[in-house]
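So the structure is just underneath, and the comments pick up after that.
Residue numbers begin at 1 in each chain, while the letters A, B, ... track the order of the sequences.
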Amino acid sequence: MNKLMQVYELLFERFGKQNWWPVSSNNKEFEVCVGAILTQNTAWTNVEKAIKNLKENNLLSKEAIAKVNVKKLANLIRSAGYFNQKAKKLKEFASFDGEVTRENLLNIWGIGPETADSILLYAYNRPTFVIDAYTKRIFSRLGRGEKSYEELQEMFMKNLPENYRLFNEYHALIVRLAKEHCRTKPECGNCPLNNVCQTGKLNI
DNA sequence: TACCAGGTCCTCG
DNA sequence: CGAGGACATGGT
């Protein structure tokens, strides 16, 4: 088994299934996209309140967001932070009509690599590995130094089977590890990766 | 109180 | 390119 799969197994053994994306509705695709935009550099708990507001105002659909006044939208998503920017981002996304590809998503104002990959993976079940600040932090500690988004993504995708369920679960487990152990100030006691971190065993 | 949270855009060298 | 600043609320 390769090293990245070893890490996955260790995380899964400890934390189990994470059940991302944490939304449920008959409009899952669009709701996941909204969540992916709203959670940019923001705690998910703040995003949940914004999504609740949107739902209560019947604004959790592409058509409704494309139509609504941007100031009203901004006010409803206030809790998610950067609300003026994010209101504009939501409207830009809602007025996009093209084919859902990574390249097309990246051409939408407000959608960068992580949001594009999150949408592809979590809304459309495309096998794209999502890299975030947590992934960068954890794997720079496991290995040696920072890697770029593209470098890290390539490392995962060349060394893992192309399986959206695996990518989905792996990214969620990375977030879990970052919150509970591999924090800004690391708490290494009892970390599930203790035996492979800083021992040279992984050498990622 | 200060720092952090599932980033992206814009500007400047 | 890459670094640096702006964007903003809510929890600890």
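- To the nearest angstrom, P of B/dG7 lies 17 Å from CG of A/Leu105.
- Per the geometry, CG belonging to A/Asp132 stands 14 Å off C1' belonging to B/dT8, to the nearest Å.
- C/dA6 and B/dC3: their P atoms are spaced 16 Å apart (whole Å).
- Put simply, CG on A/Asn53 is 11 Å from P on C/dG10, counting in whole angstrom units.
- Among residues two or more places apart in sequence or in another chain, the salt bridge (Lys or Arg N to Asp or Glu O under 4.0 Å) test is passed with A/Lys62 by A/Asp97.
- Distance from the side chain of A/Pro113 is smallest to B/dT8 among B/dG7, C/dG11, B/dT8.
- For the pair A/Gln40 CD and C/dT9 P, the interatomic distance rounds to 16 Å; values are reported in whole Å.
- Rounding to whole angstrom units, CH2 of residue A/Trp109 and C1' of B/dC10 are separated by 10 Å.
- Without hydrogens or angle criteria, A/Gln18 side chain to A/Gly16 main chain gives a donor-acceptor distance under 3.5 Å.
- Contact annotation for A/Ile111: backbone-only contact, meaning every heavy-atom pair under 4.0 Å involves sugar-phosphate atoms and none involves a base.
- For the pair A/Lys185 NZ and C/dT12 C1', the computed distance is 14 Å after rounding to whole Å.
- The aromatic rings of A/Phe156 and A/Phe139 stand perpendicular to each other, their planes meeting at an angle above 60°, with 30° marking the opposite boundary.
- Taking the charged nitrogens against the carboxylate oxygens, A/Arg176 and A/Glu180 do have a contact shorter than 4.0 Å, which makes a salt bridge.
- By the 4.0 Å N-to-carboxylate-O rule, A/Lys52 lies close enough to A/Glu56 to be salt-bridged with it.
- Between the CH2 atom of A/Trp44 and the P atom of B/dG7 there is a distance of 12 Å, rounded to whole Å.
- For C/dG11, the OP1/OP2 oxygens have a side-chain nitrogen or oxygen of A/Lys49 closer than 4.0 Å.
- Between A/Glu146 and A/Lys136, none of the side-chain N atoms (NZ, or NE/NH1/NH2) sits under 4.0 Å from a carboxylate O, so this pair counts as no salt bridge.
- For A/Pro113, the side chain to side chain contact (heavy atoms under 4.5 Å, CB included) partners are A/Arg102, A/Leu106, A/Tyr149, not counting sequence neighbours.
- Listed pair A/Ser148 / C/dG2 fails the phosphate criterion, with no side-chain N or O lying under 4.0 Å from OP1 or OP2.
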Across nucleotides 3-8 of chain C, 5' to 3', mark each nucleotide with B, S or - according to how protein heavy atoms within less than 4.0 Å reach it.
----BB
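- Among the atoms of the strands shown, only primed sugar atoms or phosphate atoms (P, OP1, OP2) are found under 4.0 Å from some heavy atom of A/Arg137.
- Distance CZ (A/Arg183) to P (C/dG11): 16 Å, rounded to an integer number of Å.
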From CA spacing to verdict: side-chain hydrogen bond (donor to acceptor under 3.5 Å, both in side chains), A/Asn194, A/His181
CA-CA 10 Å; A/Asn194 258 342; A/His181 297 280; over 6 Å; no
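- Checking A/Thr184 against A/Tyr149, the closest nucleotide of DNA chain B that is more toward the 5' end is the one next to A/Thr184.
- In terms of position on DNA chain B, the residue among A/Gly110 and A/Thr39 whose nearest nucleotide sits closer to the 5' end is A/Thr39.
- Using P as the reference atom, B/dC4 and C/dG5 are 16 Å apart when rounded to the nearest Å.
- Nucleic acid contact for A/Ala133: sugar-phosphate only, since backbone atoms but no base atoms lie under 4.0 Å from a heavy atom of the residue.
- Looking at heavy-atom distances under 4.0 Å, A/Leu38 makes no contact with the nucleic acid at all.
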